[in-house]
Amino acid sequence: MPELPEVETIRRDLTPLAGRTITDVEVLWPGAIKAPALREFGERVRGQRITGVERRGKHLILCLASGEELIFHLRLTGRLVLTPAEQEPGRHTRAVFFLDEGEALHFADVRKFGTIHLVKAGERQAVSSLAGLAPEPLSEEFTLDWFRSALARRRGPIKGALLDQAVVAGMGNIYADEALFRAGLRPDRPVPELASAEVERLWEAIRAVLAEGIRLRGTSVRDYVDGRGEPGGFQKVLSVYGRKGQPCRRCGAPLQRMRVAGRGTTFCPHCQR
DNA sequence: AAGAAGTCCTGGGCGC
DNA sequence: TGCGCCCAGGACTTCT
């Protein structure tokens, strides 16, 4: 599923869109367009020049010449792939953005959870999943002190805190499990009982797994592909996610699976304490 | 007010 | 081969 490293990979693949014009939009499943109303959406997008491609948390943002922004959230199974304009939409394609120079951007999404918003200049916060987002975890603003203060009001399991976008922007189930393994922490440890050194290890682990995920162009467990339609490489080096019953790469013990904060969670009972 | 539970949605994997 | 059942999960809403 597209988390920060996957969306960042797509962003990098789509940077050539800067300077290009959206000549037409075809919406195949109107439910994907959350705002504004469908007709107005088409009218406001058509003819716009793209000035930049940004990412914030798990959101992919196309900045338009008017100052408006086209904001995509891929949720679980969304894809954004650049194709030749003549490419027929697939079974799960929900919207096609036709571009100049004979190309098109296909938004596909099997489970229909993905969203598209068009917002006016400076109104990013109108998208609820963008309001209250933590600082970017790979930026200098995401300091250890900031992370400590974000955890200070928490009482539940650490895994739940990691999945909260107000604590770690862009974190999802895969990288949360990987970060906890790297930090040697059981996912169900209550936040208040974490020692200072453990929080620091976790802070470091979060940044390390996200950076490694980007370096390997994301994790393709099931649906994810990059902006060119190609799978990523991080699934080859996963320590725990999706490896229930398989031997821990560090100690050889069989990995266990449990439910934490409502999410399937895989961990090593020996290496994670 | 943080956290748990229910909701959305569909394909894939399972048992029989 | 095919049917029904259950699961996966991000983020919003509802309830406690």
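Throughout, a chain's letter reflects where its sequence line sits, starting with A, and its residues are numbered from 1.
- Rounded to whole Å, atom C1' of C/dG9 lies 7 Å from atom CZ of A/Arg111.
- B/dC9 atom C1' lies 15 Å from atom CE of A/Met1, rounded to whole Å.
- If you check every strand for non-hydrogen atoms under 4.0 Å, A/Arg257 touches sugar and phosphate atoms only.
- End-to-end axis angle for the helix from B/dA2-C/dT16 to B/dC16-C/dG2, using five pairs per end and rounding to 10°, comes out at 40°.
- Between A/Arg79 atom CZ and B/dC9 atom P there is a gap of 21 Å when expressed in whole angstrom units.
- In this structure, A/Phe97 has its ring center closer than 6.0 angstrom to the ring center of A/Phe72.
- Atom CG of A/Asp109 and atom P of C/dG10 are 13 Å apart (whole Å).
- In this structure, CG of A/Leu76 is placed 12 Å from C1' of C/dC7, rounded to the nearest angstrom.
- Contacts of residues 147-174 of chain A with DNA chain C (heavy atom under 4.0 Å): A/Gln165, A/Asn173.
- Using a distance-only test at 3.5 Å, with no hydrogens or angles considered, no donor-acceptor pair links the side chain of A/Thr266 to the main chain of A/Arg257.
- Here A/Tyr175 lies out of heavy-atom contact (under 4.0 Å) with every strand.
- Note on A/Glu6 versus A/Lys58: no salt bridge recorded, every NZ/NE/NH1/NH2 to OD/OE distance being 4.0 Å or above.
- Annotation: A/Tyr175 is not in aromatic contact with A/Tyr241 [ring centroid separation under 6.0 Å not met].
- Rounded to a whole Å, the CZ atom of A/Arg56 is 16 Å from the C1' atom of C/dA11.
- Cation-pi geometry between A/Arg250 and A/Phe181 is satisfied (NZ or CZ under 6.0 Å from the ring centre, within 45° of the ring normal).
- For A/Phe113 and C/dA11, the ring-to-base geometry does not satisfy the stacking test (centroid distance below 5.5 Å, interplanar angle below 30°).
- The distance from atom CH2 of A/Trp29 to atom P of B/dC9 is 7 Å, rounded to the nearest whole Å.
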Kindly determine whether A/Lys159 and A/Thr265 satisfy side-chain hydrogen bond (donor to acceptor under 3.5 Å, both in side chains), including the steps that lead there.
CA-CA 9 Å; A/Lys159 165 113 184 224; A/Thr265 302; 2.8 Å; yes

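- When rounded to the nearest whole Å, the span between CG of A/Leu130 and C1' of C/dG10 equals 14 Å.
- For a distance-only test at 3.5 Å, the side chain of A/Arg263 qualifies as a donor-acceptor partner of the base of C/dG10.
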